[in-house]
Each structure stands twice: as structure tokens, then as C-alpha cells.
Amino acid sequence: MTATLHGATRLPDGVWVRGRGLRHAIADGDVPDYGLYLGGPRLRSRHEPTLFWPHDWALWRDGLLPADWPATAGLLLSLHRRAADGAAVEIACHGGIGRTGTAMACLVTLHGFSARDAVNWTRAHYHRRAVEVPWQRRYVSWFATHVPAR
């Protein structure tokens, strides 16, 4: 059975992933089985005490790119595997648009979408302003060429 969270997006392979901004509270009882959080030390120190479920952090400062591209790709693949196995998962940064949208677009490339098509798909199905800056598109392109499609 697949667990879904309120506001989750169904990826092209049928896997559900919730993207959100950590600045927005979640409804009581709507906690994920696993979360991947994208941010720097300040965001982490602000929100870590409230994240009582299994989770990981990728060092990814606002408006920039992940500090470690391959490690972040590995975390995204792990999150996708968990979701494919039926876990309720979420990806979040502060606002839930740029970094989170970039991560969602990366997951879309796993299904054979080009980076450009993945960004367009993410903007159409997750958030219209996802992948906010050009260098975030560069990470989606890197992910699409370095992580094999499924």
C-alpha cells in the first residue's frame, strides 16, 4: 500500500512525493515516514527540533546549489526508493519552490524526461515557479546525465 501525504505530487511513475516549505506547518497526523530537507545550518537549527521522523539533510543554501552534488543525488535516489516501496515521503526547503522544485525535477528525470522537460513537468504539476534560477536548471541537467533513468 502506498502512503500519501496531503499536498503530495504524483510523479510520472506513480510515486507520490510531497514538496513543501518548512515555513508552512503541517496538519496534525500528516507526518511523513521519511523526509529530505534542503538547507544550510541556520535552516537546520531552526527546524531540526520539530522533525521527529526519520530524515536527512542535504547542505543546500537558499538560491544556490547543493554543496555535494553526488551525495545529494544519492539522497534523492534513496527518497525515491522509499516512496516506490510505499513510504510517505517529503522534500522541503524553506519556501518549497526553488530547491524543492529542483529536487522534484531531478526525480522526474529518472523516468527518461530531459532536464528541460522535467523542469516544465515540475512547473505544471508541482509549482509554477519551481526551479527558480538558471543554476538550479544546471543541477537538473547534471542529475539527468549522471543518474541513470529507470
Side-chain angles (χ1 to χ4, degrees), residues 2-5 7-23 31-127 129-150:
T2 300
T4 57
L5 298 166
T9 300
R10 187 173 187 204
L11 299 180
D13 66 348
V15 166
W16 290 91
V17 177
R18 176 170 67 190
R20 74 175 178 101
L22 286 168
R23 67 182 175 187
V31 299
D33 297 320
Y34 172 78
L36 176 57
Y37 302 101
L38 315 170
R42 254 169 76 209
L43 189 68
R44 184 174 185 167
S45 68
R46 187 179 321 143
H47 293 284
E48 183 69 28
T50 66
L51 306 174
F52 54 87
W53 49 86
H55 63 278
D56 287 301
W57 283 88
L59 179 56
W60 190 338
R61 296 181 194 282
D62 189 24
L64 298 174
L65 296 171
D68 186 333
W69 291 22
T72 301
L75 290 170
L76 288 168
L77 287 172
S78 176
L79 174 131
H80 186 268
R81 269 192 298 279
R82 290 172 189 248
D85 289 343
V89 301
E90 76 173 1
I91 302 171
C93 60
H94 177 68
I97 300 169
R99 291 168 284 182
T100 299
T102 301
M104 294 283 263
C106 288
L107 296 177
V108 172
T109 70
L110 294 174
H111 315 294
F113 283 64
S114 69
R116 172 179 274 193
D117 290 343
V119 169
N120 290 336
W121 188 97
T122 302
R123 287 177 175 166
H125 295 91
Y126 169 62
H127 194 286
R129 290 189 355 241
V131 194
E132 294 177 301
V133 292
W135 42 93
Q136 290 174 335
R137 286 193 297 275
R138 187 175 343 137
Y139 184 67
V140 177
S141 294
W142 176 89
F143 188 94
T145 59
H146 288 81
V147 178
R150 305 200 176 269

Candidate pair Thr9 and Arg18, rule side-chain contact (heavy atoms from CB on, under 4.5 Å), full reasoning | CA-CA 6 Å; Thr9 300; Arg18 176 170 67 190; over 6 Å; no
Any chance you could measure Phe143, atom CZ, to Thr72, atom OG1, to the nearest 0.5 Å?
-> 10.0 Å
In terms of heavy-atom contacts, Cys106 and Leu76 come closest through CB-CD1, 4.0 Å
CD1-NE2 distance between Ile97 and His127, expressed to the nearest 0.5 angstrom | 3.5 Å
Is a donor on one side and an acceptor on the other found under 3.5 Å between the side chain of Asp33 and the backbone of Ala88?
-> yes
Might you point out which heavy atoms bring Val89 and Ala83 nearest each other, and give the distance in Å?
-> CG2-CB, 3.6 Å
Could you walk me through whether Glu48 and His55 pass side chain to side chain donor-acceptor pair (under 3.5 Å), step by step?
-> CA-CA 10 Å; Glu48 183 69 28; His55 63 278; 2.8 Å; yes
Looking only at atom types and distance, does a side-chain atom of Ser141 sit under 3.5 Å from a main-chain N or O of Ala115, one as donor and one as acceptor?
-> no
Heavy-atom closest contact (Ala58 atom, Leu36 atom, distance) | N-CD1, 4.3 Å
Give the intermediate values and the outcome of side-chain contact (heavy atoms from CB on, under 4.5 Å) for residues Phe52 and Val31.
-> CA-CA 9 Å; Phe52 54 87; Val31 299; 3.7 Å; yes
Looking only at heavy atoms, what is the nearest atom pair of Trp142 and Ala73, with distance?
-> CZ3-CB, 4.0 Å
Hey, is CZ on Arg116 packed in by over 12 heavy atoms from elsewhere, all under 6.0 Å?
-> no
Between Thr50 (side chain) and His47 (backbone), is there a donor-acceptor pair under 3.5 Å?
-> yes
Would you mind reporting whether Asp68 and Leu59 have side-chain heavy atoms less than 4.5 Å apart?
-> no
From the options Trp69, Trp135, Tyr139, Tyr37, select the one residue that forms a ring pair (Phe, Tyr, Trp, His ring centres under 6.0 Å) with Trp60.
-> Tyr139
Between atom CG of Leu107 and atom CG of Leu79, what is the distance when rounded to the nearest 0.5 Å?
-> 6.5 Å
Considering all heavy atoms of both residues, which atom of Met104 and which atom of Tyr126 are nearest to each other, and what is their separation?
-> CE-CD1, 3.8 Å
Nearest heavy-atom pair of Ala105 and Ala118: which atoms, and what distance?
-> O-CB, 3.4 Å
Which word best sums up how the rings of His111 and His80 line up, parallel for under 30°, tilted for 30 to 60°, or perpendicular for over 60°?
-> tilted
Atom pair CG (Leu38) and OG1 (Thr102), whose distance is rounded to the nearest 0.5 Å | 9.0 Å
Is a side-chain donor-acceptor pair under 3.5 Å present for Tyr34 with Glu90?
-> no
Test salt bridge (Lys or Arg N to Asp or Glu O under 4.0 Å) applied to Arg99 and Asp62, step by step = CA-CA 7 Å; Arg99 291 168 284 182; Asp62 189 24; 3.6 Å; yes
Are any non-hydrogen side-chain atoms of Asp13 and Leu110 less than 4.5 angstrom apart?
-> no
What is the distance from atom CZ of Arg123 to atom CD of Glu132, rounded to the nearest 0.5 Å?
-> 9.0 Å
